[in-house]
There are 2 protein chains.
Amino acid sequence: MTSSTVEDYLKCIYLIQTRSTDPISTGLIASQLKVAPGTATAMMKTLSESGLITYEPYRGVRLTQAGSKLAAHVLRRHRVIELFLVEVMGLNWSDVHSEAELLEHAVSELVLDRMDEMLGRPSVDPHGDPIPSPRGVLREKEYPSLISCPLGGLLKVVRVTDQSANFLRLLERHGIMPGKEVEIASREDAADSVIVRSSSGKALHLGFRPAASILVEPGE
Amino acid sequence: MTSSTVEDYLKCIYLIQTRSTDPISTGLIASQLKVAPGTATAMMKTLSESGLITYEPYRGVRLTQAGSKLAAHVLRRHRVIELFLVEVMGLNWSDVHSEAELLEHAVSELVLDRMDEMLGRPSVDPHGDPIPSPRGVLREKEYPSLISCPLGGLLKVVRVTDQSANFLRLLERHGIMPGKEVEIASREDAADSVIVRSSSGKALHLGFRPAASILVEPGE
DNA sequence: TACCAAATTTTGACATGTCAAAATATTACA
DNA sequence: TGTAATATTTTGACATGTCAAAATTTGGTA
């Protein structure tokens with residue numbers, strides 16, 4: 001019914017919508033999906049005619065109920081698959097994003113539910129990203145990042161939002177993954193610099209951009 | 001590189017080529033894949049230009065080395081996935097063919113090898129179909145079927161070539177699956193009829209067509 | 001050997017998704 | 001408020017895969 005291309009556009013819009021309620025520009029969608037601007041505009045018309053988004057030319061788009069539900073299901077598939085690949089199949093967390101990108105369009109409801117069952121109906125994926133419920137409801141918890149959290153004391157890593165393989169491999173080498181504890185050794189706004197110490201003792205120097213993608217729970 | 005459509009055509013030709021060495025007509029391919037005859041012809045030109053088949057108009061097609069290798073890899077993916085779905089995920093053997101039909105185009109080499117490893121480098125899928133090696137070599141063993149095997153004595157089911165879900169469910173209800181033993185209670189050519197008794201004691205009446213799809217190893 | 005039926009190929013059309021480049025709208029700023 | 005820079009949409013083209021229906025080839029048979 002809905003092509004994998006349509007699913008990709010919906011998922012993209014959904015993810016952007018998660019972080020702000022403003023209408024989303026076609027240019028942003030185009031750059032995220034790495035297609036030409038005109039391509040995104042054309043697809044917006046298609047999605048709009050299918051009732052999956054509302055689209056006001058030059059103003060932007062917004063998912064409808066139907067579009068939102070569909071997108072949530074795609075995202076659910078993606079994240080359950082990621083966790084399955086790590087937990088059941090033993091893949092590295094840095095590899096599973098791109099694998100899931102392919103599989104999310106090919107896995108049936110039956111197989112997905114079986115994965116979900118084998119995983120014990122999990123609520124987060126290997127990166128700490130929340131998994132939408134089977135009904136299509138996503139609960140995003142608000143966490144501070146390494147550039148917004150209070151200094152001093154232990155922090156528990158709960159989520160890493162930058163999914164690029166190289167970055168994840170770097171973090172893993174330093175023992176920085178959801179569930180692990182870290183401490184901020186120094187943070188300097190002017191220098192765009194955060195130095196993190198993981199429980200392995202190693203210090204890791206990060207710029208603000210990557211540091212902002214590491215979400216933590218301040219120690220209790 | 002090669003689209004999932006191309007993969008489907010190659011796999012189809014490969015499977016037909018497994019059972020005879022004659023050139024394969026475009027009409028047969030079209031009917032197998034449920035596309036219009038002209039569609040198959042168009043694709044034969046494409047495949048031919050890509051060097052995956054040799055194509056003589058009105059005479060038929062044949063896989064090249066390259067095409068054969070590619071097709072074997074697709075079939076390998078299909079059969080490893082089927083076994084994974086049954087052995088690791090607990091799906092019913094009657095459901096996995098259609099699931100694998102989708103997944104075979106989306107599973108990476110990395111994931112496939114991991115499946116293969118988890119399954120202990122298996123040589124046959126849940127239906128007893130042989131799995132091509134990672135190098136793309138397929139070893140088909142010759143087995144008699146319920147309409148060609150000798151009468152009398154126990155027979156071990158080794159393979160079921162009809163993959164339709166309803167038929168497989170029927171067999172399962174009667175305890176007829178690879179590894180199980182059966183006995184031919186009667187076979188009547190004129191009536192197109194075979195009556196099989198499984199170890200559960202139940203008798204199953206089959207026509208010649210379905211009976212021919214059940215391959216057995218005569219008891220030693 | 002000529003013709004007919006069946007199979008195959010060709011033709012013209014369409015659907016989906018994509019791009020580059022031209023046209024148009026929006027926004028910011030001078 | 002007018003204009004320039006930027007973003008968006010439109011246009012025309014292309015690639016892949018598909019169909020229905022017309023044209024062609026093949027092979028058997030009279």
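Within every chain, numbering begins at 1; the chains are lettered A, B, ... in the order of the sequence lines, protein sequences first and strands thereafter. Note that this is a predicted model, so its numbers are computed, not measured.
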Residues forming a side-chain hydrogen bond (donor to acceptor under 3.5 Å, both in side chains) with B:Thr64, sequence neighbours excluded: none
Give a yes or no on whether B:Arg59 atom CZ has more than 12 heavy-atom contacts from other residues, nucleotides or ligands under 6.0 Å away. no
Let me check something: any side-chain donor-acceptor pairs from residues 65-75 of chain B under 3.5 Å, sequence neighbours excluded? List them with distances.
residue : atom : partner  : partner atom : Å
B:His73 : ND1  : B:Lys69  : O            : 2.9
B:His73 : NE2  : B:Pro134 : O            : 2.9

It should be established whether A:Thr41 places a side-chain nitrogen or oxygen under 4.0 Å from OP1 or OP2 of nucleotide D:dT10. no
Regarding A:Ser94 and A:Asn92, is there a side-chain donor-to-acceptor distance under 3.5 Å anywhere? yes
Where the side chain of B:Arg62 meets the backbone of B:Thr54, is there a donor-acceptor pair that is under 3.5 Å apart? no
NA contact type, A:Thr5, heavy-atom cut-off 4.0 Å: base, sugar-phosphate, or nothing? sugar-phosphate
Hey, what do you get for CG (B:Leu151) to SG (B:Cys149), rounding to the nearest 0.5 Å? 6.5 Å
State whether a side-chain donor-acceptor pair under 3.5 Å links A:Ser164 with A:Asp162. yes
Considering every strand and a 4.0 Å limit on heavy-atom distances, what is the contact class for B:Thr46: base, sugar-phosphate, or nothing? nothing
Please write out each protein N/O paired with an N/O of nucleotides 11-13 of chain D under 3.5 Å, distance rounded to 0.1 Å.
none

Taking only the side-chain nitrogens and oxygens of A:Thr39, find out if one of them lies under 4.0 Å from OP1 or OP2 of C:dT18. no
Are A:Glu117 and A:Arg114 ion-paired here, with the side-chain N under 4.0 Å from a carboxylate O? yes
Using whole Å, report how far CE of A:Met43 lies from C1' of D:dT9. 16 Å
Using a cut-off of strictly less than 4.0 Å between a heavy atom of the residue and any atom of DNA chain D, enumerate the qualifying residues of residues 7-15 of chain B by number. B:Tyr9
Whole angstrom value for the distance that separates C1' of D:dG17 from CE of B:Met44: 12 Å
Any chance you could measure B:Ser123, atom OG, to B:Lys141, atom NZ, to the nearest 0.5 Å? 7.5 Å
Passing option when B:Arg77 is tested against B:Glu104, B:Glu7, B:Glu82 for salt bridge (charged side-chain N to carboxylate O under 4.0 Å, His left out): B:Glu7
Check this for me: A:Arg121, atom CZ, are more than 12 non-hydrogen atoms of other residues, nucleotides or ligands nearer than 6.0 Å? yes
B:Leu47 atom CG is separated from D:dT16 atom P, nearest whole Å, by 12 Å
Among D:dT9, D:dC19, D:dG17, the one nearest B:Ser3 by side-chain distance: D:dG17
Going by heavy atoms closer than 4.0 Å, what residues in residues 52-60 of chain A are next to DNA chain C? A:Tyr58
Does one side chain, of A:His105 or A:Asp8, offer a donor that lies under 3.5 Å from an acceptor on the other? yes
Starting at atom CE of A:Met1, determine the distance to atom C1' of C:dT16, rounded to an integer number of angstrom. 13 Å
Can you sort out which residues in residues 22-32 of chain B have a heavy atom within less than 4.0 Å of DNA chain C? Ascending by number, please. B:Ser25, B:Thr26, B:Gly27
Please test A:Arg169 against A:Asp95 for salt bridge (Lys or Arg N to Asp or Glu O under 4.0 Å), starting from the C-alpha separation and ending with a verdict. CA-CA 9 Å; A:Arg169 273 192 287 270; A:Asp95 294 328; 3.7 Å; yes
Indicate yes or no: does A:Arg159 engage A:Asp125 in a salt bridge with an N to O separation below 4.0 Å. no
